[in-house]
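Written below as structure tokens is the structure these notes are about.
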Number of protein chains: 2
Amino acid sequence: MAEAKNPVQAVQRTLEIVDVLRDTDGARVVEIAERVGMSKGTVHCHLATLEEGGYVVKDGNEYKLGLRVIDLAHHAKNRIDIYDLVTEQVDSLAEESGELALFTVEEGGEGVCLYMATGEAAVKTEVYVGYRNDLYYTAVGKAMLAFMPAERRDRIIEETAFEAITPNTIIDEVELREELESIREEGIAYNYSESIHGLVGAGAPIRDQDGTVYGAISVIGPARRMDDERLENDIPEMIRRAVNIVEINITSL
Amino acid sequence: MAEAKNPVQAVQRTLEIVDVLRDTDGARVVEIAERVGMSKGTVHCHLATLEEGGYVVKDGNEYKLGLRVIDLAHHAKNRIDIYDLVTEQVDSLAEESGELALFTVEEGGEGVCLYMATGEAAVKTEVYVGYRNDLYYTAVGKAMLAFMPAERRDRIIEETAFEAITPNTIIDEVELREELESIREEGIAYNYSESIHGLVGAGAPIRDQDGTVYGAISVIGPARRMDDERLENDIPEMIRRAVNIVEINITSL
DNA sequence: ATAAGTATTTGGTATAGCTAAACACCACTC
DNA sequence: GAGTGGTGTTTAGCTATACCAAATACTTAT
């Protein structure tokens, strides 16, 4: 997001290499070199340095992401104080609804899924813990957008490249802002097949007494199982209860 | 582990900074600078570059690990083909035993916990997903040591700095090798309060038909609940069954 | 207001990272 | 088993750049 004034080019290059490893689940020196447009020698030195740190492992001639990043991920999650509190409630939500329940936070204008729990009949999606997406086309995303400070929201919306993921995706800024307004009134955000055709959901933000948004939780499932009554009454009720339990306990953190 | 011949110093420094962020869960520029022994300016440029990549976020004047590392972690885990297969069995193990069940793999001579499931009465430990420790003082570690190729084992043992974590920790190389031999015979490795006083456990390796070790799973619990019968018969029986189910399915990967 | 502490930017220099080329190491092929 | 195309790794040298120190711009507290 933020443009570094005096970036360390060598670090930028290393991050590019890491990105390739991420996308390929392992690659060889030449392959990486041509992908990032650097010489073999350069790539080799970077990989060797990353390996030294445990962030890359060499398996034969394939270089892969090292498991040390999993340790980093744990420490990054630890930053989120409400994590344990929320996961408990998300588990309950999933069990009670039988659907997929998610916990998402915002970072850099994107939503990052931090936890998911699968109920009995939960849909399979491409979402995983660590998955990032724009805010404007998900229930959790719109929930967080709606309740964050106005200037922050404006910045994010301004920097967003709206794209119709499905025919239902809201790509008009005015329309989006109107929807956010109604979300603020109702306290619940919906997703009517805006990210995946046939997939609907409801979500709500988690806030402290000052109104600061900590994240959002949602329940999502197939439209055929989710009639109006269920999507707009039963599920929101469950979510409200879950949010409440978390919010009550936030003060004691 | 491996020494890079021509390391990229700038990358080494960035990794040092990341390490500080990991250990501190967020720090300011000056604090980081003095910890790693670099100038403020240098640290700032590195942080800005990392932020640009999403690996660091700035919260006021505190720099913290970015949630993007969670995405990396997911991709790193995806490397482990048996992951989904194993987690299912570890869940069962935890439920059946009521104790803590773990899935660990080896990387760089260390054990890395990749998954854990807590049974009804599971002990609380410092272990988390991503946690690393030496192999010689855990059940999973010894299980993997016992069944890995001899030359690999020799290298790891040679490079290990043995240390008595508890009075029961095996710190004598000869004694360890004898124990590994008996583990190979029995197929099960035990931990008799070798890592934490009062904590015992049993573990077994997961191998394919060629004997290649993919990782190990274990069940651990408090010694007072684990009499000889339970630790050396019931638990191993559960583990053997779990391992079997995984191993049968490995061929179809 | 002032000051003391930050973060950030700037400028100059010596270092170190980059490319290209040479070398070493396979795994095939013939 | 020599040869060959493909690797990965190392080397050499030039240039760019990463670093430090100092200056500037912010904060926050007094």
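A, B, ... follow the sequence lines: proteins, then strands. Residue 1 opens every chain.
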Take the protein atom CD of Glu62(A) and the nucleotide atom P of dC26(C), then report the distance between them rounded to whole Å.
-> 17 Å
Got a sec? Which of residues 11-30 of chain A come in under 4.0 Å of DNA chain C, heavy atoms?
-> Arg13(A)
Between C1' of dT7(D) and CD1 of Ile32(A), the distance in whole Å | 13 Å
Round to a whole Å and report the spacing from NZ of Lys40(A) to P of dA22(C).
-> 12 Å
Asn6(B) CG to dT19(C) C1', in whole Å, measures 14 Å
Determine whether more than 12 heavy atoms belonging to other residues, nucleotides or ligands lie under 6.0 Å from atom CD of Glu151(B).
-> no
Heavy-atom neighbours of Arg240(B) CZ exceed 12 at 6.0 Å = yes
How close or far is atom C1' of dT17(D) from atom CD of Gln9(B), stated in whole angstroms?
-> 12 Å
Would you indicate whether Glu88(A), at its atom CD, is surrounded by more than 12 heavy atoms from other residues, nucleotides or ligands within a distance under 6.0 Å?
-> no
Could you give the CE-to-P distance, from Met38(B) to dA16(C), as a whole number of Å?
-> 13 Å
Interatomic distance where NZ belongs to Lys5(B) and C1' belongs to dT11(D) [whole Å] = 11 Å
Taking only side-chain nitrogens and oxygens of Thr42(B), does any of them come within less than 4.0 Å of OP1 or OP2 of dC19(D)?
-> no
Pairwise side-chain contact, Lys64(A) with Lys58(A), heavy-atom cut-off 4.5 Å (strictly under) = no
Spacing of Tyr63(A) atom OH relative to dG8(D) atom P, expressed in whole Å | 8 Å
Kindly say whether Asp71(A) contributes a backbone atom to a donor-acceptor pair with the side chain of His75(A) at under 3.5 angstrom?
-> yes
Tell me which of Ala10(A) and His44(A) sits closer to the 5' end of DNA chain D, going by the nucleotide each one is nearest to.
-> His44(A)
Classify the angle between the aromatic ring planes of His44(A) and Tyr63(A) as parallel (below 30°), tilted (30 to 60°) or perpendicular (above 60°).
-> perpendicular
Among the candidates dC19(D), dT9(D), dC18(C), find the nucleotide nearest to the side-chain atoms of His46(A).
-> dC18(C)
Would you say the side chains of Tyr214(B) and Asp81(B) form a donor-acceptor pair under 3.5 Å?
-> no
